[in-house]
Structures are given as structure tokens and as C-alpha cells.
Amino acid sequence: MNRFFFFTLLGVMSSASSFAESNSRLKEKLETVFANKTIRIFGYDDHLKRVDVDSEYVYVSHDGRYVFAGPIYDTLRKVDIVAERERQVRKGLLNSKSKDLFIRYPSTEKERFSVTVFTAINCPYCRKLHQAVPVLNEQGISVNYVMLPRGAVSSVSYDKTQSALCSDDPASAITKAMQNHDLLYIACDSNQLSQHIELARVLNVNSTPTFVLPNGDLQVGYVSPDRLLQTLENLNSKKVSNEPL
């Protein structure tokens with residue numbers, strides 16, 4: 001074995017062992033603060049480590065003495081690293097899902113953008129937004145719905161949403177429901193709605209309408225088609241110029 005490679009390998013193994021030992025001690029400290037929660041520790045830089053606590057993200061000093069929650073600004077990169085992490089998680093999670101999970105309203109022109117919208121059939125501003133979906137589609141914006149009924153299991157809104165998802169054409173059924181038309185009650189074995197509700201829980205979305213933009217940003221509340229298009233174009237220009245998103 002090459003002597004240089006041998007000593008390099010020993011160094012890597014020693015560093016990995018030290019890193020694991022350091023994380024083990026750090027985890028013991030954090031467990032006194034975050035009891036009964038799942039803690040995962042990741043490296044970040046020479047000053048901080050990133051810690052996932054269940055579905056929340058905090059940063060800690062390497063010795064575990066200081067835990068930082070809320071916005072943390074990297075003045076060199078000029079970015080809030082907590083918000084950056086949250087965007088990455090949202091984007092990664094949504095990209096990992098099959099397109100079949102969503103109720104899709106694809107663009108009728110060449111697709112320029114795709115947005116995910118958490119929506120409810122009996123939410124007034126969701127209905128207003130739904131009226132604008134054809135306009136968004138004509139602007140090259142595809143809309144993917146995640147249904148979040150305003151009611152518990154077996155409530156009127158839940159059952160109506162479930163019936164729409166169990167129909168032969170869920171997108172059309174959602175449109176009818178948004179227009180306040182009655183839907184024939186349909187029961188099926190689909191767990192699509194429960195997956196939608198779970199996705200909202202994981203992403204901490206609890207109001208409708210809520211947009212998840214292509215970069216993972218959240219936009220809560222109704223947005224007009226023109227304003228949404230402008231926001232998407234601004235994000236795209238930042239991406240092209242490599243500015244922090």
C-alpha cells in the first residue's frame with residue numbers, strides 16, 4: 001500500500017471517529033433540552049452545527065453550549081441560513097413526490113414555472129384563486145394542488161374533498177366543488193387525501209391558500225396572477241444571477 005495513502009486513510013478514519021464522538025457528546029447535551037424528540041446532527045461550518053429536531057431546524061455551537069433558534073444571518077453570504085434550510089427541505093420533499101400525488105392543472109402554454117398550492121374547497125380565497133388557474137396556465141404556470149380540508153375526518157368539507165379525489169376526474173370534480181356544486185358522495189380506498197394532510201403537517205402548513213414556490217419559499221394567502229408571475233420571474237432572475245434565494 002502506498003505510504004502516503006495509508007497515512008491519509010488513518011487521518012480520515014481518526015477524523016471520522018472524532019466527529020462521531022463529538023456528535024455523541026453533543027447529542028447527550030441536546031437531549032436535556034429537547035426531551036423525547038428525534039435529534040439528528042450535521043456539520044455546517046467551523047462555528048456551527050445544524051441540528052434537525054423532529055421537523056424543526058436549529059443551529060448549535062460545536063461544544064453544544066449555545067443553541068440558536070429563529071433567523072440566523074450569514075453576513076458573508078448575506079442569507080438567513082435557517083430560512084435557506086427550510087426552503088431546501090420543502091423543495092426536496094415536494095420534488096421527491098410522484099406527480100400523481102397532486103391534483104394537477106398543467107400549463108396550456110410552454111411551462112415556465114410550476115407551483116404547489118395547499119388549498120381547500122370551501123375556502124373563499126382558495127375559490128378566488130381557483131378562478132384564476134386558467135389564467136395562470138395560459139401564462140405558462142402549472143398549478144399542483146395539495147388538498148387541506150377545513151374540517152376533521154368525516155366533516156362535510158373532508159367528505160366532499162374525498163369524494164372529489166375518488167372521482168374519475170379529480171381536477172374537474174375539485175373545480176365543481178370550488179364552484180359550490182354538489183358532488184355525488186363516493187367512497188374509495190385511496191389514501192391520497194391523508195397523504196395531502198400529512199404533507200401539510202410535515203411542512204407546517206396550516207392555512208389556505210398557501211403557495212410553495214419553485215425555490216421552496218412559502219407564500220401565504222391569495223396572490224393575483226400578475227403578482228404571482230412577477231414573483232416567479234424575480235426568483236428566476238435571482239437564480240440566473242446566482243443571488244441567494
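In this chain, residues are counted from 1 in sequence order. Predicted model, so just to flag it, every value in this text is computed and none were measured.
- Within a 6.0 Å sphere centred on CG of N95, other residues, nucleotides and ligands contribute more than 12 heavy atoms.
- Between the side chains of R104 and N144, a donor-acceptor pair is found at a separation under 3.5 Å.
- Counting heavy atoms from C-beta on, the side chains of P209 and C123 come closer than 4.5 Å.
- Taking 4.5 Å as the limit, every side-chain heavy atom of M178 sits out of range of all side-chain heavy atoms of K128.
- Side-chain contact, N23 with K49: a donor N or O sits under 3.5 Å from an acceptor N or O.
- When the side chains of ILVMFWY residues are joined at heavy-atom separations under 4.5 Å, either directly or via intervening members, Y185 and L165 end up in two distinct hydrophobic clusters.
- A salt bridge links R85 with D52: the distance from a Lys NZ or Arg NE/NH1/NH2 to an Asp or Glu carboxylate oxygen falls below 4.0 Å.
- Residues D80 and D74 are not in side-chain contact: their nearest non-hydrogen atoms beyond the backbone lie 4.5 Å or more apart.
- With salt bridges taken as basic N to acidic carboxylate O contacts below 4.0 Å, none links E31 and K37.
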Under the criterion side-chain contact (heavy atoms from CB on, under 4.5 Å), I'd like the reasoning laid out for S96 against L93: C-alpha separation, chi angles, the key distance, then a yes or no. CA-CA 5 Å; S96 72; L93 181 59; 4.1 Å; yes
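- At least one side-chain heavy atom of T161 sits less than 4.5 Å from a side-chain heavy atom of L193.
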In residues 132-139, what donor-acceptor pairs under 3.5 Å come from side-chain atoms, sequence neighbours left out?
{"residue": "N137", "atom": "ND2", "partner": "Y105", "partner atom": "O", "Å": "3.0"}
{"residue": "N137", "atom": "ND2", "partner": "I141", "partner atom": "O", "Å": "2.9"}

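- Side-chain rings of Y145 and H130 approach one another, their centers coming within less than 6.0 Å.
- Under the 4.5 Å side-chain heavy-atom criterion for Ile, Leu, Val, Met, Phe, Trp and Tyr, V153 and I121 are members of the same hydrophobic cluster.
- Between V146 and T116, some side-chain heavy-atom pair lies under the 4.5 Å cut-off.
- Residue L48 is not grouped with residue V89 when hydrophobic side chains (ILVMFWY) are merged at heavy-atom distances under 4.5 angstrom, including chains of intermediate members.
- Within the 4.5 Å cutoff, the side chain of R112 has no heavy atoms near those of the L232 side chain.
- Taking hydrophobic clusters as Ile, Leu, Val, Met, Phe, Trp and Tyr residues chained together by side-chain heavy-atom distances below 4.5 Å, Y125 shares a cluster with I174.
- Using modelled atom types, one finds no donor on one side chain facing an acceptor on the other under 3.5 Å when comparing Q230 with D226.
- When hydrophobic clusters are built by joining Ile, Leu, Val, Met, Phe, Trp and Tyr residues whose side-chain heavy atoms come closer than 4.5 Å, directly or via intermediates, Y158 is not grouped with V156.
- Proximity of N234 to N236: side-chain heavy atoms (C-beta onward) are nowhere separated by under 4.5 Å.
- Without hydrogens or angle criteria, D63 side chain to R65 main chain gives a donor-acceptor distance under 3.5 Å.
- Looking at E28 and R25, no side-chain N of the basic residue comes within less than 4.0 Å of a carboxylate O on the acidic one, giving no salt bridge.
- Note on residues 48-82: no pairs pass disulfide (SG to SG under 2.5 Å), not counting sequence neighbours.
- Shown are R201, Q195, H196; of these, the side-chain hydrogen bond (donor to acceptor under 3.5 Å, both in side chains) with E198 is made only by R201.
- L94 places a side-chain heavy atom less than 4.5 Å from the side chain of L203.
- Interatomic distance, OH of Y57 versus CD1 of I81, reported as 14.0 Å (0.5 Å rounding).
- Remark: the backbone N or O of F118 is not paired with any side-chain donor or acceptor of T208 at under 3.5 angstrom.
- In this structure, R50 fails the cation-pi test against Y44, since its NZ or CZ atom is not both closer than 6.0 Å to the six-membered ring centre and inside 45 degrees of the ring normal.
- Within a 6.0 Å sphere centred on CG of N191, other residues, nucleotides and ligands contribute more than 12 heavy atoms.
- A donor-acceptor pair is defined here as one N or O able to donate and one able to accept, closer than 3.5 Å; no such pair exists between the side chain of T119 and the backbone of M147.
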Stepwise side-chain contact (heavy atoms from CB on, under 4.5 Å) check, F113 with L228: CA-CA 10 Å; F113 306 104; L228 178 60; over 6 Å; no
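- Shown here are the salt bridge (Lys or Arg N to Asp or Glu O under 4.0 Å) partners of R127, two or more places apart in sequence or in another chain: there are none.
- Side chain of Q192 to backbone of L101: a donor-acceptor contact under 3.5 angstrom is found.
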